[in-house]
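Structure record follows, encoded as structure tokens.
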Amino acid sequence: MRSLLFGYAGLRDPKDLEGSIKEVVDGGFAACEVQFVKEFILKEAEAKRLGEIARDYGVSLSVHAPYFAQLTTREPERIKLHLGGLHHACKLGSLMGATVVVCHPGSNKDATAEQLHEQVDKNLSDLGPRIADLGVKLGLETCGRKSQFGSLGDLALVVPRHPVTTVVIDYGHIHAVSNGSLNSPSALEALFDFITSSFGPEHLQPLHTHFSDNQWGPAGEIRHLKYGEGTLRIADVLEGASGFDLDLTVISEHKEAASHARVLDEIEASGVSLMRAGTKRTSSKELPVKESGDAHMFFEGGRQVRISNIDKILFPEHHLTKRDLATYYYNAAPLMLPFLRDRPITMQRVPEGIYGEAFYEKQRPKGSPEWVRSVPVPSDGGAKIIDFVIVDSIATLVWLAQIASVECHAWTCKWPNLDEPDFAVIDLDPHEPITFADVREVAELTRVLLDRLGLRAFPKTSGGSGIQIFIPLAQGHTYAEVRAFCTAIGSLIRSAYPEKVTMEPSKPKRAGKVFIDVNQNAKGKTLVAPYSVRPYPGAPVSTPLSWGEMQDDIFPDQFTISSVLERIDRVGDLFKPALSLKQDLHPALIQLGGAT
């Protein structure tokens, strides 16, 4: 495990917020799950105040949404109520700085598996845009009764399709529906193996879990038991998780404080390093590798990466090595993988460092590990097939570092829908003697125009000297439409600011201006992915920005593999809302006169 955070469910007294948090700390715990299971016990101002108190004491908060708010709801008159309950729970969770809002997906009564999955997908698609900006994930909890939706298999199918969600593991629930199978370290190890194989780092760092002994029968869980009265053991959980790359949060759910204390005693006796109140999880962890002859081995579940010459210098000025690059990608994986998953990439490799010979590579390299995923893409009018690499795991990112592929250039569409972009991109490329301040100014003009069109956009540094503005799209757009839209936007900005903006195809004629490049909005074109490293001095990173930062005196070279992780700890993942936002360009195209 990377880290272990332990706490319990329930505030001691919702009317004494500081006393409730102080009791968490005094008991030796570092987390608390606020229970809204029967009713909303806090108003918005109280939730905000609770968050402030928890931050002062260094306590991590989570929320449990009401039991009535279910995603399997099929009756139209009830859907609004249920989704409204989940939205309000997420809003309160956001106000208190919670990491996750746990929900029970619901009953599987009178519906087939296909109908349930279809309904849950529909409800999450409706709810997603409403909670995307709240900064808290909706955690779908594994079910405890056979009459409920939410097996691990169900969640493995649903959660990866919805960026606003994550998985919540309830050991007691799984124990109950599997007839008490989680009764040994090996059983828990098998559970974690399935979890790490089925969910990405964005769901595992951290992995939110519930723990309680329970009584169960043929239908599943009957009730919680005091710790020690059943057959679940926290020591088995810890031993089972020990070989996996996880940030684990464990919430004890029995209502009695003595039960929480017994679990804590057993954790402390195990020797596992336990996070205390006041400590903070950070994005930066050391790359876990083992020496193996003249190489080092990295392991992720059943995948392994052999890293040769791990201390080879790739960025000479700052003496940054292959290990440094792999370590950065290992830590940035939870931020990068939600965007990269299912997108073909083009690799840029610098085997002799950034000043040696560099080359782009589309075809999956010969000799790559068998678990590296690739997809066949017709090229040259179908005359040949290129097997493009898909980055879908931490191990794949570490492997890219091993082959000295410094940066990830990704398509603006996902496999297999390669004719249907899910982002429009306005690329602002400065040409000397233009300054980055000028680029920020043009970016701000772009934002104003997009705001007037009712569209949200997400800027990031290119990792070089420019800014790329990503506009998330719903399904149903062609590359021709996206290019027409971006061309119309560029033309308006050029008309408003001709002294600093150009769309001139000739490079010599761009001098002293910001070139608005719309040419990347075409099938097969690639753009550097958010949080990707670039092969330039200092190892700069393509870094998402807030629009407010356009007013600040910032420069692209201040965002590097040495500084970005600390920034993420401070400001969070600014690109995350872009992954769940779906927008229609067609009304804007009509307004711009660019409908096709």
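Rounded to the nearest 0.5 Å, atoms CZ (Arg364) and CD1 (Ile386) are 15.0 Å apart. Ile169 contributes atom CD1, which lies 8.0 Å from atom OG1 of Thr209 (distance to the nearest 0.5 angstrom). In this structure, Cys143 SG and Ile174 CD1 are separated by 8.5 Å, a value rounded to the nearest 0.5 Å. We find the SG-CG distance between Cys413 and Leu473 to be 11.5 Å, quoted to the nearest 0.5 Å. The CD atom of Gln205 lies 5.5 Å from the CD1 atom of Ile394; values are rounded to the nearest 0.5 Å. Between the CD atom of Glu407 and the CZ atom of Arg349 there is a distance of 13.5 Å, given to the nearest 0.5 Å.
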Could you list the donor-acceptor pairs under 3.5 angstrom formed by side chains in residues 525-532, with sequence neighbours left out?
unit_1, atom_1, unit_2, atom_2, d
Tyr531, OH, Asp573, OD1, 2.7
Ser532, OG, Cys408, N, 3.0

Show the atom names and distances, to 0.1 Å, of all donor-acceptor pairs under 3.5 Å that link a side chain in residues 154-162 to residues at least two apart or in another chain.
unit_1, atom_1, unit_2, atom_2, d
Asp154, OD1, His117, NE2, 3.0
Asp154, OD2, Gly150, N, 3.2
Asp154, OD2, Ser151, N, 3.1
Asp154, OD2, Ser151, OG, 3.2
Arg161, NE, Asp121, OD1, 3.4
Arg161, NE, Asp121, OD2, 3.4
Arg161, NH1, Leu157, O, 3.1
Arg161, NH2, Asp121, OD1, 3.3
Arg161, NH2, Asp121, OD2, 2.5
His162, NE2, Asp121, OD1, 2.7

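Smallest separation of non-hydrogen atoms from Val425 and Cys486: O-SG, 3.7 Å. Heavy atoms only, all atoms of each residue included: Leu320 and Gly538 are closest at CD1-O, 4.0 Å. The heavy-atom pair separating Met336 from Leu397 by the smallest distance is CE-CD2, 4.2 Å. Here the closest heavy-atom approach between residue Phe199 and residue Leu204 is recorded as O-CD1, 3.5 Å. For Arg341 against Pro201, the heavy-atom pair with the smallest separation is NH2-CD, 4.3 Å. The two residues Gln402 and Ile307 make their nearest non-hydrogen contact at OE1-CA, 3.2 Å.
Annotation: side chain of Pro556 is not in contact with side chain of Tyr536 (no heavy-atom distance under 4.5 Å). Side-chain contact between Val250 and Ile234: present, with at least one pair of heavy atoms (C-beta onward) separated by less than 4.5 Å. Side-chain contact check for Leu340 versus Ile345: some heavy-atom pair is nearer than 4.5 Å. When side chains are defined from C-beta on, Phe298 does not count as touching Lys290, because their heavy atoms never get closer than 4.5 Å. Two residues are said to be in side-chain contact when any heavy atoms from C-beta on lie closer than 4.5 Å; Trp216 and Asn179 meet this criterion. The shortest distance between side-chain heavy atoms of Tyr329 and Val533 falls below 4.5 Å. At a threshold of 4.5 Å between non-hydrogen side-chain atoms, the residues Arg534 and Ser462 count as touching. The shortest side-chain heavy-atom distance between Gln115 and Thr112 falls under the 4.5 Å cut-off.
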- [ ] Mind running side-chain hydrogen bond (donor to acceptor under 3.5 Å, both in side chains) on Thr543 and Lys460 for me, showing each step along the way?
- [x] CA-CA 5 Å; Thr543 304; Lys460 69 179 184 67; over 6 Å; no
TODO: Starting from the C-alpha separation in whole Å, work towards a yes-or-no answer on side-chain hydrogen bond (donor to acceptor under 3.5 Å, both in side chains) for Glu221 and Asn214.
DONE: CA-CA 7 Å; Glu221 184 174 73; Asn214 62 0; 2.9 Å; yes
TODO: Please lay out, stage by stage, how Ile471 and Gln583 fare under the test side chain to side chain contact (heavy atoms under 4.5 Å, CB included).
DONE: CA-CA 8 Å; Ile471 304 160; Gln583 302 176 108; 3.8 Å; yes
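For Phe388, the ring pair (Phe, Tyr, Trp, His ring centres under 6.0 Å) partners two or more places apart in sequence, or in a different chain, are Trp411. The side chain to side chain donor-acceptor pair (under 3.5 Å) test applied to Arg567 returns Glu549, not counting sequence neighbours. Residues that satisfy the ring pair (Phe, Tyr, Trp, His ring centres under 6.0 Å) test with Phe470, not counting sequence neighbours, are Phe423, Phe575. Scored by the side-chain contact (heavy atoms from CB on, under 4.5 Å) test, Asp236 finds Pro185, Leu188, Arg233 as partners (sequence neighbours excluded). Scanning for side chain to side chain donor-acceptor pair (under 3.5 Å) contacts around Thr72 gives an empty result, with sequence neighbours left out. Tyr479 pairs by the ring pair (Phe, Tyr, Trp, His ring centres under 6.0 Å) definition with nothing, not counting sequence neighbours. In terms of the side-chain contact (heavy atoms from CB on, under 4.5 Å) criterion, residue partners of Cys103 (sequence neighbours excluded) are, by chain and number, Ala65, Leu71, Leu86, Leu138, Leu140. In this view, Lys285 satisfies the side chain to side chain donor-acceptor pair (under 3.5 Å) rule with no residue, not counting sequence neighbours. His296 pairs by the ring pair (Phe, Tyr, Trp, His ring centres under 6.0 Å) definition with nothing, not counting sequence neighbours.
For residues 186-201, the side-chain hydrogen bond (donor to acceptor under 3.5 Å, both in side chains) pairs, not counting sequence neighbours, are Ser184-Ser186.
Looking at Glu33, Glu141, Lys137 one by one, the single match for side-chain hydrogen bond (donor to acceptor under 3.5 Å, both in side chains) with His208 turns out to be Glu33.
Side chains of Ser3 and Asp247: a donor on one and an acceptor on the other come within 3.5 Å. Under the 3.5 Å distance criterion, with hydrogens and angles disregarded, no donor-acceptor pair is assigned to the side chains of Ser379 and Lys384. In the model, Glu300 has no side-chain atom that pairs as donor or acceptor with a side-chain atom of Tyr330 under 3.5 Å. A donor atom on one side chain and an acceptor atom on the other are found under 3.5 Å apart for Thr231 and His175. Side-chain N/O atoms of Thr321 and Asp324 include a donor and acceptor closer than 3.5 Å. Under the 3.5 Å distance criterion, with hydrogens and angles disregarded, no donor-acceptor pair is assigned to the side chains of Thr99 and Arg281.
Under a 4.0 Å N-O distance rule, the pair Lys322/Asp311 does not qualify as a salt bridge. The pair Arg456-Asp133 meets the salt-bridge criterion, with a side-chain N (NZ, NE, NH1 or NH2) lying under 4.0 Å from an Asp/Glu carboxylate O. Classification of Lys312 and Glu352 as a salt-bridged pair holds, one side-chain N sitting under 4.0 Å from a carboxylate O.
Between the Thr346 side chain and the Glu361 main chain, no donor and acceptor come within less than 3.5 Å of each other. Looking at His477, its side chain does come within 3.5 Å of a backbone N or O of Ala474 through a donor-acceptor pair.
Taking the ring axis of Phe339 as reference, the NZ or CZ atom of Arg343 stays within 45° of it and closer than 6.0 Å to the ring centre.
The local environment of CD in Glu566 is crowded, with over 12 non-hydrogen atoms from other residues, nucleotides or ligands closer than 6.0 Å.
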